[in-house]
Amino acid sequence: MASFTLQGIPVSRGITIGRAHLLRPAAMDVKHYLVAQEQVEAEVVRLQKAIAQVQLELQTIWSDLPTDAPTELGAFLDVHALILSDPMVSEAPLDIIRSRHYNAEWALVTQIDALSAQFDEIEDEYLRERKADIQQVAERVLKVLTGTAHQLPRATGVDERNANMIVVAKDISPADMMQFRDVAFTGFVTDEGGPNSHTAIVSRSLGIPAVVGLGNASHLIVQDDWLIIDSDAGVVIVAPSPLVIAQYRDRQAALLKARKKLHKLKKTPAISLDGIEVTLLANIELPEDAHAAMDAGASGVGLFRSEFLFMGRTSVETQLPDEEEQFIAYKQAVQTMKGKPVTIRTLDVGADKPLDHNEHNILNPALGLRAIRFCLKEPQIFLTQLRAILRASAFGSVHILIPMIAHAFEIDQSLAMIQQAKDGLRAEGIAFDDGILVGAMIEIPAAALSLPMFVKKLDFLSIGTNDLIQYTLAIDRADHEVAHLYNDTHPAILQLLDITVSAAIKANIPVAICGGMAGDVKLTRLLIAMGFRELSMPAALLPEIKQEILNSNIAALEPSAKKMLRTFDPRIAQELLYGMQQQQFV
Ligand code: PEP
Ligand code: MG
């Protein structure tokens with residue numbers, strides 16, 4: 001097969017070489033053709049056999065469930081088995097083959113589409129949501145029919161083949177990304193997605209190379225194709241020649257060596273050449289990520305995206321983690337960090353992190369009921385989380401971070417809820433840190449432009465540049481079609497960052513950046529010269545950022561940063577930024 005190269009959007013660092021593992025939704029690819037009269041019964045049997053095979057698969061998964069598996073998992077499998085044995089799914093498509101002579105895949109999809117349309121009409125939300133289950137069951141059958149029924153390899157007993165697996169998909173939801181955490185794979189490429197979609201964020205936190213926004217890679221790449229991901233360049237080489245593979249293996253080895261060298265800085269504080277210390281923190285999605293944070297030498301967790309504990313509970317989505325489950329998760333992170341601060345952000349669901357896969361009907365999810373808006377509308381969910389966070393605060397240093405703040409009342413109500421949670425715990429005699437610090441994410445331009453409204457009530461600020469850019473420049477951060485407009489040094493963004501850091505310094509409260517800009521080494525000098533002293537990023541990026549700080553003289557960089565803030569000419573701004581990156585200090 002001839003080699004070819006695809007260009008996409010780089011989302012993480014490094015090079016990986018491996019074989020493609022396609023996660024193409026089978027339903028998208030069904031062939032449509034009519035079968036001859038004499039073939040009809042054979043086609044019926046083909047579908048029956050596929051259905052029987054899936055029944056067997058479900059039973060096997062059921063009996064292989066570990067004894068400590070969540071009970072919902074078993075229930076979820078039961079529901080799928082039940083759906084599959086329902087005549088509307090297992091028999092109606094056979095009638096379609098017989099009456100209309102459709103091929104098996106087409107007949108199945110026709111019936112599932114008809115059923116799905118009926119489900120859309122149902123008023124009861126729970127029942128309506130079962131549509132997704134029906135579609136997942138159909139997907140399984142289609143995969144058997146089309147011979148694409150690949151299971152993800154299991155985490156245990158990783159062999160060479162699995163260790164070199166690169167996932168290729170149209171898109172991967174953040175929730176689906178979570179399942180890959182337990183599976184050995186060395187990279188992923190997707191047709192869709194922007195540089196700061198949550199899927200990209202998870203890949204960065206796993207520290208694995210990835211390229212997104214590749215257009216139709218999942219159609220051009222074939223299962224088991226050799227692939228090279230050069231994620232710094234945003235390039236995927238399909239079916240490379242042995243010579244190209246050898247060249248990339250050399251580059252990969254050099255990068256690994258450089259990374260190992262950087263790891264030696266683990267215990268070195270991030271102090272600039274002119275003696276200014278910058279606190280480097282890690283972003284985590286799940287409590288176990290705290291180990292990577294410690295290993296990278298982070299001074300704490302600057303952002304624990306707690307919503308990842310809530311996501312990906314498809315079919316049992318109604319079962320949110322209860323107080324105890326959350327408490328255990330938060331405590332685990334806090335204890336792993338051994339007294340270093342852990343900033344737990346309260347539930348930031350919505351937009352590209354739906355609690356429920358079926359939230360398709362929201363008009364404009366990024367502008368909808370996200371984050372604190374959702375929490376204040378669902379006070380019981382919020383209170384449960386606040387109690388769990390407070391309980392974890394008895395085991396170390398915990399800060400609470402409220403996302404998506406734009407209005408004064410959102411802070412007031414959040415603080416009132418925190419007080420309510422404290423009062424409840426106190427009445428029950430449960431320990432917590434009464435002096436727990438509470439901060440807010442600055443990620444809506446309105447918040448940055450009205451900081452005096454908040455700062456007096458808050459202990460710290462943390463800037464979410466991913467959303468700040470999305471909302472300031474009006475570009476969906478997950479949409480690759482507008483990814484070229486995602487410009488973190490747009491003058492409007494720099495002004496908002498400057499306003500925020502100045503307001504925090506004036507109010508004498510700490511301000512961090514926890515969005516993607518904090519982990520972009522090309523911006524480190526600019527940010528520290530603008531006055532930022534706390535940066536929180538995926539642990540894998542921390543050593544490189546530290547090295548940049550160690551090699552920087554902040555005072556000497558300040559004049560260029562000031563000029564950058566004054567210019568509205570993109571060319572001059574780029575020259576200044578480049579000049580800062582290249583600046584040598586004597
Ligand atoms: C951000 O918006 O920059 C941020 C850190 O939060 P998230 O990426 O989870 O929205
Ligand atoms: Mg955000």
Side-chain angles (χ1 to χ4, degrees), residues 11-12 173-175 177-178 193-206 212 280-286 289 293 301-312 342-355 365-375 399-406 410 439-448 460-479 483 486-490 493-494 496-497 500-501 511-520 523 527 532 534-539 541-542:
V11 298
S12 54
S173 74
M177 275 301 287
M178 302 318 277
N196 277 306
S197 62
H198 285 88
T199 307
I201 285 169
V202 175
S203 92
R204 272 199 289 267
S205 84
L206 294 174
V212 301
L280 298 183
L281 304 147
N283 293 351
I284 66 171
E285 277 79 47
L286 288 177
D289 298 342
V301 169
L303 172 65
F304 181 165
R305 290 184 164 96
S306 68
E307 57 277 8
F308 280 84
L309 296 172
F310 291 66
M311 285 156 38
V342 177
T343 300
I344 304 176
R345 179 173 71 184
T346 56
L347 192 56
D348 182 6
V349 283
D352 68 336
K353 292 178 290 191
L355 264 188
L367 302 182
L369 200 62
R370 261 194 77 177
I372 192 61
R373 304 166 181 187
F374 173 86
C375 288
H399 305 165
I400 297 177
L401 180 58
I402 314 285
M404 295 282 295
I405 287 288
E410 288 165 335
M441 299 273 302
I442 303 301
E443 50 188 346
I444 297 181
F460 66 96
L461 305 177
S462 190
I463 308 179
T465 51
N466 307 333
D467 278 315
L468 189 65
I469 296 167
Q470 155 162 276
Y471 294 124
T472 307
L473 302 182
I475 40 165
D476 187 332
R477 59 194 266 190
D479 183 353
Y486 196 94
N487 175 8
D488 37 25
T489 52
H490 187 290
I493 303 301
L494 297 185
L496 291 170
L497 292 182
T500 310
V501 71
V511 56
I513 297 182
C514 63
M517 285 179 80
D520 184 346
L523 302 174
L527 296 178
F532 287 100
E534 275 186 36
L535 301 172
S536 191
M537 66 206 76
L541 302 176
L542 200 144

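All of these numbers come straight from a predicted model, not from anything done at the bench. Just so you know, ligand 1 is whichever comes first in the structure, and atom 1 is the first atom listed for that ligand. This chain uses plain numbering: 1 for the first residue, then up along the sequence.
With sequence neighbours excluded, the residues that form a ring-ring contact (aromatic ring centres under 6.0 Å, His included) with F460 are H399. Every residue two or more places apart in sequence or in another chain that forms a salt bridge (Lys or Arg N to Asp or Glu O under 4.0 Å) with R370 is listed here: D348, D467.
Just one residue in the list V342, N283, L281 forms a side-chain contact (heavy atoms from CB on, under 4.5 Å) with V301, and that residue is V342.
A 4.5 Å side-chain heavy-atom check between T465 and I493 finds every atom pair outside the cut-off.
Within 4.0 Å of ligand 1, counting heavy atoms only, the contacting residues are H198, I201, L303, R305, R345, D348, K353, R370, M441, E443, G464, T465, N466, D467, R477, C514, G515.
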- Decide yes or no on side chain to side chain contact (heavy atoms under 4.5 Å, CB included) for S462 and E534, but give the supporting numbers first. CA-CA 9 Å; S462 190; E534 275 186 36; over 6 Å; no
Handout entry: Intermediate values then yes/no, side chain to side chain contact (heavy atoms under 4.5 Å, CB included), L527 and V501
Key = CA-CA 10 Å; L527 296 178; V501 71; over 6 Å; no
Take E443 and N466 through the side chain to side chain contact (heavy atoms under 4.5 Å, CB included) test and state the conclusion after the steps. CA-CA 8 Å; E443 50 188 346; N466 307 333; over 6 Å; no
*Should I463 and L461 be marked as a side chain to side chain contact (heavy atoms under 4.5 Å, CB included) after you check the CA-CA gap, both sets of side-chain angles, and the distance that decides it?*
CA-CA 7 Å; I463 308 179; L461 305 177; 5.7 Å; no
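Around the Mg ion (ligand 2), protein N, O or S atoms at less than 2.8 Å comprise E443 OE1, D467 OD2.
Under a 3.5 Å cut-off, the side chain of Y471 and the backbone N or O of L367 do not form any donor-acceptor pair.
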